[in-house]
Amino acid sequence: MSDPADPIRSSRFRREREAGWRRLDAIVTRVERSGAGALDFEEARDLALLYREALNALSVAREISLDKALLAYLDALCCRAYLAVYAPRERLGGVVRRFFTTGAPGAIRRSGLALALATLALVLGAVAGFLLFREDSSWYSTFMPGSLADGRGPASSREQLEAVLYDTGGSPLGELGAFATYLFSHNTGIAILAFGLGVAACLPSFLLAFYNGLILGVFAGLHADRDLGLDLFAWLSIHGVTELAAIVIATAGGFRLGLAVLFPGRRTRRDALRHAGHDAAKLAVLAAVMLVAAALLEGFARQLVTGIGPRIAIGWGVGALWLGWLLLAGRGSAVREDGR
Amino acid sequence: MKLFRRRKPPEGKSRVRRRPAAPARRILRLLAPEGVPLDFEIASLGARFTAQVLDLLLSGVLVIALVVLLSMTLSRADMVTPIPAISALLFFAVRTPYYLVSELLWNGQTVGKRIGAMRVVSANGRGLTTHQIVVRNLMKEVEVFLPMGFLLAALGDEGGLDSALSLVWVLGTLAVPVFSRRNQRIGDLIAGTVVISLPKAVLLPDLAEVAATAVPRFVFLPHQLDHYGAYELQVLEQLLQTPASTRRGEAKRHLASLATVAERIRGRIVFEDAVRPDETRDFLAAFYVAQRAHLEKRQLFGEARADKHYAAEGSAAAGARPEGKG
């Protein structure tokens with residue numbers, strides 16, 4: 001029975017295939033260390049072949065062999081080879097290009113309803129804030145978070161407000177930088193929250209956008225009251241067009257998720273959420289990109305450009321660029337973008 | 001080696017009870033597109049936490065280095081620089097993209113995961129998609145960084161409610177992977193991904209081949225091989241595969257347990273021939289080969305014997321379904 005020339009069946013099975021496994025092991029180790037790109041043609045071809053053979057051997061061995069050492073080895077080898085074979089075949093450049101050419105614009109164009117809702121929330125909030133402020137200026141301190149007000153309030157004079165808008169009060173750039181930081185993290189916080197809370201049936205996102213609108217409204221009310229409406233408009237425009245658009249887009253991403261939960265249609269809720277997640281993730285990434293762009297505009301352009309006309313022109317010009325890109329890019333190839 | 005001790009099976013207890021429980025490992029079973037199920041070991045929470053801390057440190061160091069570099073060049077240019085603003089912006093711009101890019105390029109591994117030999121895989125058995133990587137890392141922003149920022153800010157302001165809320169949030173998100181069956185955090189659950197630890201493939205020599213080179217002095221009769229099942233066989237295999245220890249005490253103990261096991265087996269299968277002490281290993285190896293050949297043959301004929309209680313099992317279950325692999 002234990003004659004070396006005639007070993008038992010499972011030993012024979014192993015003896016015939018062991019060389020292939022060892023080679024597969026070597027190739028997989030290489031892939032793990034330096035990526036599939038490091039393989040030459042023969043190794044890549046052998047990887048696919050040997051992987052299938054090893055999987056085959058594993059399923060046979062599970063039936064015929066009781067050799068634990070063999071089973072454990074094949075199990076681990078197949079797992080590693082599987083991970084090497086079914087790796088994402090993406091190049092960073094390709095991913096980025098696809099996102100900017102078709103992914104993000106397509107997601108925007110598919111999210112009309114959610115975008116409209118998000119804009120509505122923001123505008124409603126702004127109008128309500130504006131009207132409330134005209135009724136009673138004490139609403140200002142109710143809505144405005146202290147740190148965001150930067151010392152501006154119903155008690156501020158026209159000159160004080162103007163000084164902030166045009167940075168003429170000789171306030172050092174460092175202080176302003178700190179404020180910009182706060183504003184930036186405030187807005188990213190709002191955007192992330194509005195996105196993340198969308199899953200909870202839209203309502204928290206709506207409230208958050210509405211509240212953000214309120215802040216904007218009372219702020220505008222304060223400045224309009226001091227006859228600085230146009231100045232504020234220009235001050236906000238230069239970065240706000242991009243920044244508010246980013247917040248609206250992030251909120252819309254949240255709404256996409258919330259709408260999937262509320263109205264899953266013929267899918268199950270889980271499926272609907274997963275499906276909507278494809279677009280929502282793109283919207284979130286787009287919002288992040290726009291927030292960074294807005295921060296750059298805020299940090300540099302707003303401090304350097306102080307004229308009303310140029311501020312408005314830059315702000316809305318950039319806005320028009322965003323709009324043009326999002327509406328027009330990738331129209332030809334927008335056949336399907338659901339897969340990933 | 002309690003397994004080989006002769007012991008009356010306690011009445012009315014299930015087979016699972018009689019066998020010592022396998023060490024608790026969480027397993028993710030994926031069906032490869034080729035139709036073969038593969039078992040992955042799910043990464044432990046401790047390992048993931050360590051990897052997370054490593055990654056955080058790394059991205060933090062990256063940001064700090066960039067900030068220092070930037071401020072040095074700017075201060076040379078004699079500009080007053082809003083360093084906090086720039087560092088906040090950089091941190092935001094580096095943090096999530098770092099995870100995204102590294103997991104995309106390294107097939108589900110960051111530096112921390114690479115050091116800890118872990119990897120993100122898709123729970124559906126297909127390859128990991130870009131979308132999954134984006135979603136699981138975007139959720140990290142909501143799950144971890146945002147409440148962490150709030151918590152720090154609130155602690156600074158000594159705001160009571162805010163910090164309490166964000167503390168609850170952080171604890172809640174931390175609790176999810178602890179209680180989820182596959183140690184998934186919220187982002188993993190939404191993206192449909194699992195973090196597994198990479199298996200190590202070590203091919204031990206085939207005992208049947210090694211034993212076959214020995215002189216076939218011991219011969220076993222078929223009825224002597226009917227006592228044990230696959231489980232006992234594999235425990236014996238493990239015992240024989242134990243590498244020879246260099247430390248004298250351990251080697252001695254190993255020899256002693258080999259001798260005990262050999263005695264038990266001889267008693268159980270009623271093996272008449274004497275086994276000299278220096279032949280213990282040969283005897284066990286020969287028995288292993290004979291037993292394995294026998295069991296594998298039975299398995300080929302459709303009678304898998306999971307362990308030594310297979311006879312009772314077979315009559316109790318009345319052959320309801322053929323038992324799977326050992």
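As a basis for the values below, the full set of heavy atoms in this structure was taken, side chains included, without hydrogen atoms, waters or symmetry mates. The chains referred to below are lettered A, B, ... by the order of the sequence lines, with proteins before strands, and numbering in each begins at 1. Everything numeric in this text was worked out from a predicted model, so none of it was measured.
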| task | Below 4.5 Å from any heavy atom of chain B, which atoms of A/Ala288 appear? Answer side chain, backbone, both or neither. | result | both
| message | Can you tell me which portion of A/Asp67 sits under 4.5 Å from chain B's heavy atoms? Options are side chain, backbone, both or neither. | response | both
| Spacing of B/Leu198 atom CG and B/Gln109 atom CD [to the nearest 0.5 Å] | 5.5 Å
| message | Tell me which of these, B/Asp39, B/Leu38, B/Val121, has more heavy-atom pairs under 4.5 Å with chain A than the rest. | response | B/Leu38
| task | Side chain from CB out, backbone as N, CA, C, O: work out which of these in A/Leu55 comes under 4.5 Å of a heavy atom of chain B, or both, or neither. | result | both
| said: Shorter than 4.5 Å, heavy atoms on both sides: which option in A/Leu77, A/Thr29, A/Ile64 has the most such pairs with chain B? | reply: A/Ile64
| Any salt bridge between B/Arg292 and B/Glu237, counting N to O under 4.0 Å? | no
| Tell me, side chain or backbone of B/Leu189 under 4.5 Å from chain A's heavy atoms, or both, or neither? | backbone
| What distance do B/Glu103 atom CD and B/Ile133 atom CD1 have between them, rounded to the nearest 0.5 Å? | 6.0 Å
| message | Check B/Glu34 with A/Arg52, please: is the shortest side-chain N to carboxylate O separation under 4.0 Å? | response | yes
| query | How far does NE2 of B/His294 sit from CG of A/Leu66, to the nearest 0.5 angstrom? | reply | 11.5 Å
| request: Go through B/Gly127, B/Ser122, B/Gly35, B/Pro33 and name the one with the most non-hydrogen pairs under 4.5 angstrom from chain A. | output: B/Pro33
| said: Is B/Arg126 in contact with chain A via its backbone, its side chain, both, or neither, using a 4.5 Å heavy-atom distance? | reply: backbone
| Gap separating the CZ atom of A/Arg110 from the NZ atom of A/Lys282, nearest 0.5 angstrom | 5.5 Å
| said: Heavy-atom cut-off 4.5 Å, strictly under: side chain, backbone, both or neither for A/Leu83 against chain B? | reply: both
| remark: Most heavy-atom pairs under 4.5 Å with chain A, out of B/Val134, B/Leu138, B/Ile196, belong to B/Leu138
| said: Below 4.5 Å, heavy-atom pairs only: which of B/Leu100, B/Leu300, B/Leu105, B/Val135 has the largest tally toward chain A? | reply: B/Leu300
| said: Can you tell me how the ring of A/Tyr82 sits relative to the ring of A/Tyr86, calling it parallel under 30°, perpendicular over 60° and tilted otherwise? | reply: tilted
